[in-house]
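Notes for the one structure printed next.
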Amino acid sequence: MPASPEEAKLETFPNCRPGRKFWITLDCPEFSSLCPVTGQPDTAHIVIRYVPDESCVETKSLKFYLASFRNLPAFNEEVVNRILDDLVAAMNPQELHIEGKFGSRGGIQLTCSASHPNQ
């Protein structure tokens, strides 16, 4: 298991239908990272939706990549944007949308979304 997102490797495989626009949705309900202020765990439901171009992300490598955030102190907004940036770098999709719905803290629930290309 990689100790950090820097150590994790997002693997890809060739798109079986290049040239066809279709959406892939990856639902990750058990995400966790650390609050950079308190050091306590943050939990989230992360949804990744993308239209592949030449390649798709391999799900086992994605699972290990997401698990590598468990010991990373990062604000929720940074987590979502980092996942977007890393997936764009790994597979250069036509479209990509990440949404993180984080568990409530102090009575406030935060949801953050980011998209590629910027919308």
Side-chain angles (χ1 to χ4, degrees):
M1 184 72 65
S4 69
E6 292 82 17
E7 291 181 20
K9 174 151 175 47
L10 285 166
E11 297 177 17
T12 62
F13 62 91
N15 179 0
C16 64
R17 295 288 187 265
R20 175 181 290 170
K21 182 175 181 174
F22 64 98
W23 286 92
I24 296 172
T25 301
L26 302 164
D27 200 353
C28 314
E30 299 176 355
F31 179 87
S32 65
S33 60
L34 293 178
C35 174
V37 176
T38 66
Q40 295 180 335
D42 279 331
T43 59
H45 184 154
I46 304 285
V47 177
I48 300 164
R49 293 190 71 232
Y50 71 98
V51 176
D53 194 6
E54 296 298 317
S55 62
C56 301
V57 69
E58 192 277 321
T59 54
K60 183 178 178 182
S61 73
L62 177 65
K63 177 176 84 169
F64 288 147
Y65 167 78
L66 292 174
S68 75
F69 281 83
R70 286 187 181 147
N71 297 316
L72 180 72
F75 288 105
N76 302 155
E77 299 84 352
E78 173 57 24
V79 166
V80 169
N81 281 282
R82 171 132 191 213
I83 294 169
L84 179 84
D85 291 344
D86 290 348
L87 284 170
V88 168
M91 64 177 172
N92 193 27
Q94 293 180 37
E95 296 180 51
L96 174 61
H97 182 77
I98 311 287
E99 181 176 87
K101 185 173 183 175
F102 290 81
S104 294
R105 284 291 191 106
I108 298 174
Q109 188 277 317
L110 182 145
T111 299
C112 181
S113 299
S115 296
H116 165 82
N118 291 332
Q119 298 176 353

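If you read the sequence from its start, that first residue is 1, and numbering goes on from there.
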Check: Asn15 and Glu54 side chains under 4.5 Å, non-hydrogen atoms: no
Shortest non-hydrogen separation from Ser68 to Ala8 and the atoms involved: OG-CB, 4.1 Å
From CD (Glu6) to OH (Tyr65), nearest 0.5 Å: 9.0 Å
Within one Ile-Leu-Val-Met-Phe-Trp-Tyr cluster: Ile83 and Leu26, side-chain cutoff 4.5 Å: yes
Met91 side, atom CE; Asp86 side, atom CG - distance, nearest 0.5 Å: 11.0 Å
Value rounded to 0.5 Å, distance of CG in Asn81 from CG in Asn76: 11.5 Å
Lys9 side chain near Phe64 side chain, heavy-atom distance below 4.5 Å: no
Nearest atoms (heavy-atom pairs only) where Pro36 meets Pro73: CA-CB, 3.9 Å
Short N-O contact, Glu30 and Lys63, less than 4.0 angstrom: no
Any side-chain heavy-atom pair of Leu110 and Phe75 under 4.5 Å: no
Shortest non-hydrogen separation from Pro41 to Arg105 and the atoms involved: O-NH2, 2.7 Å
Nearest atoms (heavy-atom pairs only) where Lys21 meets Val51: CG-CG1, 3.7 Å
Backbone N/O of Ala74 and side chain of Glu78: donor-acceptor pair under 3.5 Å: no
ILVMFWY cluster, Val80 and Leu72 together (side-chain gap under 4.5 Å): yes
Least distance between heavy atoms, Ile24 atom then Pro52 atom: CD1-CG, 4.0 Å
Flag side-chain contact, heavy atom, 4.5 Å: His97 against Ser113: yes
Point-to-point distance, once rounded to the nearest 0.5 Å, from CG of Leu66 to CD1 of Ile48: 5.5 Å
Leu96 with Leu10, same ILVMFWY side-chain cluster at under 4.5 Å: yes
Shortest non-hydrogen contact from Phe13 toward Val57: CE2-O, 3.5 Å
4.5 Å side-chain heavy-atom contact, His116 and Leu87: no
Distance (rounded to the nearest 0.5 Å) between Cys35 SG and Asp42 CG: 5.5 Å
Check: Val79 and Phe102 side chains under 4.5 Å, non-hydrogen atoms: yes
Ring geometry between Phe69 and Phe31 (parallel below 30°, tilted from 30 to 60°, perpendicular above 60°): tilted
Point-to-point distance, once rounded to the nearest 0.5 Å, from NE2 of His45 to CD of Glu99: 8.5 Å
Carboxylate-amine/guanidinium proximity below 4.0 Å for Lys60 and Glu11: no
